[in-house]
Amino acid sequence: MATIVGGIATTHVPSIGKAIAEKKHKDPYWQPFFKGFDYVHYWLARTKPDIAVVFYNDHGLNFFLDKLPTFAVGAANEYRSEDEGWGIPVSRPIAGDAALSWHVINSLVADEFDVTMCQDMLIDHAVTIPMALIWPGPVWPIKIVPIEINTVQHPLPSLARCLKLGRAVGRAIDSYAPDSRIVIIGTGGLSHQLDGTRAGFINKEFDALCLDKIVAEPDALARISIHDLVQQSGAQGVEFLNWMAMRGAMTGRVSELHRNYHIPISNTAAATVVYGNEPKMRREAA
Ligand code: DHB
Ligand code: FE
């Protein structure tokens with residue numbers, strides 16, 4: 001059976017790719033951010049997941065404003081990236097797990113989430129930057145199932161809807177027969193706004209509220225409207241929707257194992273967290 005070993009969420013600011021390429025990990029600007037990954041690497045060495053289900057938002061590389069699914073699931077055995085114009089190296093391809101993708105898609109549609117299924121899908125910095133941060137070695141010891149959430153063009157799905165999507169993905173994984181160890185990843189956020197009169201907007205207090213409540217009280221956060229989320233976290237801070245889906249997919253007893261919060265990385269309040277997920281069946285058997 002599949003086991004959900006836990007969750008990781010982190011920002012995906014593109015300039016991190018440049019800092020990695022230029023080995024700036026110890027540079028005073030970058031060090032407080034990169035040191036937040038020491039625990040992530042330690043935890044992964046112990047938990048050894050073999051598949052990552054990644055909730056992220058595409059920024060215009062694969063989907064654009066002409067056709068933008070609210071929710072899309074990758075169903076490929078490999079995902080390539082391309083130059084998005086940020087001046088960072090293009091990522092090497094990432095292996096996909098199409099078998100788990102199809103299981104998740106079948107289960108989601110049966111569960112009334114009518115997702116777009118993508119057998120050919122480019123992944124952008126919202127997947128490649130977190131991958132490079134989480135698994136910094138020359139080879140990725142993991143396959144992915146990427147799940148895209150629209151955070152770009154309104155109307156956006158609500159926090160409540162993304163929490164429910166995550167829960168449906170969690171149920172799908174819990175019913176997946178092949179032995180596999182699965183980590184759930186959410187990317188983006190926390191508060192940031194890249195354009196308009198509020199460009200540079202960051203909201204430390206709201207970020208702290210989100211980080212404090214997401215583990216034990218996700219349903220309280222789910223009551224926040226999209227309008228209020230934009231106001232409180234910035235136009236791009238709505239990437240927190242990916243975090244909510246990640247939280248929803250953890251179906252066991254969830255605990256915070258690690259939190260790093262650092263302002264700013266580029267225009268963004270950068271947060272990195274690790275959550276443990278103790279599966280329900282294991283608890284009942286104990
Ligand atoms: C930045 C943040 C993002 O989430 C993104 O997708 C692109 C840029 C930034 O802060 O520079
Ligand atoms: Fe982004």
Side-chain angles (χ1 to χ4, degrees), residues 8-22 24 27 29-30 32-34 36-37 54-65 68-72 74 79 81-91 94 121-134 144 146-154 156-157 159 162 185-204 206-207 210-211 226 229-246 260-273:
I8 301 172
T10 182
T11 183
H12 59 223
V13 173
S15 60
I16 296 165
K18 197 156 189 285
I20 292 173
E22 294 174 359
K24 293 228 167 114
D27 181 297
Y29 180 87
W30 289 101
F33 172 69
F34 280 110
F37 284 84
V54 186
F55 292 98
Y56 76 105
N57 57 299
D58 183 89
H59 298 71
L61 180 66
N62 190 75
F63 304 113
F64 200 59
L65 304 181
L68 188 42
T70 302
F71 301 129
Y79 299 94
S81 195
E82 274 179 11
D83 188 353
E84 297 173 67
W86 296 103
I88 60 174
V90 174
S91 168
I94 305 174
M121 184 163 86
L122 292 170
I123 35 115
D124 75 0
H125 66 272
V127 177
T128 60
I129 296 288
M131 288 292 292
L133 286 165
I134 295 170
I144 65 167
I147 304 184
E148 174 268 356
I149 296 178
N150 167 33
T151 72
V152 174
Q153 174 158 272
H154 291 261
L156 308 185
L159 282 161
C162 292
I185 295 177
T187 91
L190 289 178
S191 60
H192 63 300
Q193 173 144 343
L194 302 178
D195 48 19
T197 51
R198 289 206 309 167
F201 174 82
I202 277 176
N203 187 345
K204 233 171 155 173
F206 184 73
D207 290 342
C210 291
L211 290 169
I226 279 294
L229 185 62
V230 172
Q231 199 159 54
Q232 294 289 330
S233 70
Q236 281 70 43
V238 295
E239 290 173 346
F240 187 65
L241 293 174
N242 302 324
W243 288 52
M244 280 296 268
M246 176 264 322
N260 186 54
Y261 181 80
H262 175 69
I263 297 173
I265 288 298
S266 186
N267 295 292
T268 298
T272 303
V273 298

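All figures in this text were calculated on a predicted structure; none of them were measured in a lab. Heads up: numbering here begins at 1 and tracks the sequence. Just so you know, these numbers use all the heavy atoms, side chains as well, and skip hydrogens, waters and symmetry mates. Counting starts at 1 for both ligands and their atoms, in listed order.
- Counting only heavy atoms of the protein, atom 8 (C) of ligand 1 lies nearest to P14 CD, 3.3 Å.
- By heavy-atom distance, the residue among G60, A270, G188, S266 lying nearest atom 11 (O) of ligand 1 is S266.
- Nearest N/O/S atom of E239 with respect to the Fe ion (ligand 2) is recorded as OE2.
- When each of D58, V54, V127 is tested with E148 by the rule side chain to side chain contact (heavy atoms under 4.5 Å, CB included), just one qualifies, namely D58.
- Side-chain contact annotation: N57 with N242, donor-acceptor N/O pair under 3.5 Å present.
- One finds the CD1 atom of I134 at 6.0 Å from the CZ atom of F37 (value rounded to the nearest 0.5 Å).
- N267 and H192 are not linked by any side-chain donor-acceptor pair at a separation below 3.5 angstrom, with hydrogens and angles left out of the test.
- Neither the backbone nor the side chain of Q236 comes within 4.0 Å of ligand 1, counting heavy atoms alone.
- For atom 3 (C) of ligand 1, the closest non-hydrogen atom on the protein side is H192 NE2, 3.4 Å.
- Because the distance cut-off is set at 2.8 Å, H59 qualifies as a neighbour of the Fe ion (ligand 2) through one of its N, O or S atoms.
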*List the steps, then state whether side chain to side chain donor-acceptor pair (under 3.5 Å) holds for N203 with S191.*
CA-CA 6 Å; N203 187 345; S191 60; over 6 Å; no
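- Residue-level proximity to ligand 1 for S15 is absent, since no heavy atom of it falls below 4.0 angstrom.
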*List the steps and the verdict of side chain to side chain donor-acceptor pair (under 3.5 Å) for Q236 and H59.*
CA-CA 10 Å; Q236 281 70 43; H59 298 71; over 6 Å; no
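- Here the heavy atom of the protein found nearest to atom 5 (C) of ligand 1 is H125 NE2, 3.6 Å.
- Ranking the protein heavy atoms by distance from atom 10 (O) of ligand 1 puts T268 OG1, 2.7 Å first.
- Only the side chain of W86 comes within 4.0 Å of ligand 1, counting heavy atoms alone; its backbone N, CA, C and O stay farther away.
- By the criterion of a heavy-atom distance under 4.0 Å, the side chain of L194, and not its backbone, is placed next to ligand 1.
- Taking 2.8 Å as the threshold, H12 counts as a candidate ligand of the Fe ion (ligand 2), since one of its N, O or S atoms lies below it.
- Aromatic ring centres of F33 and Y29 lie farther apart than the 6.0 Å criterion allows.
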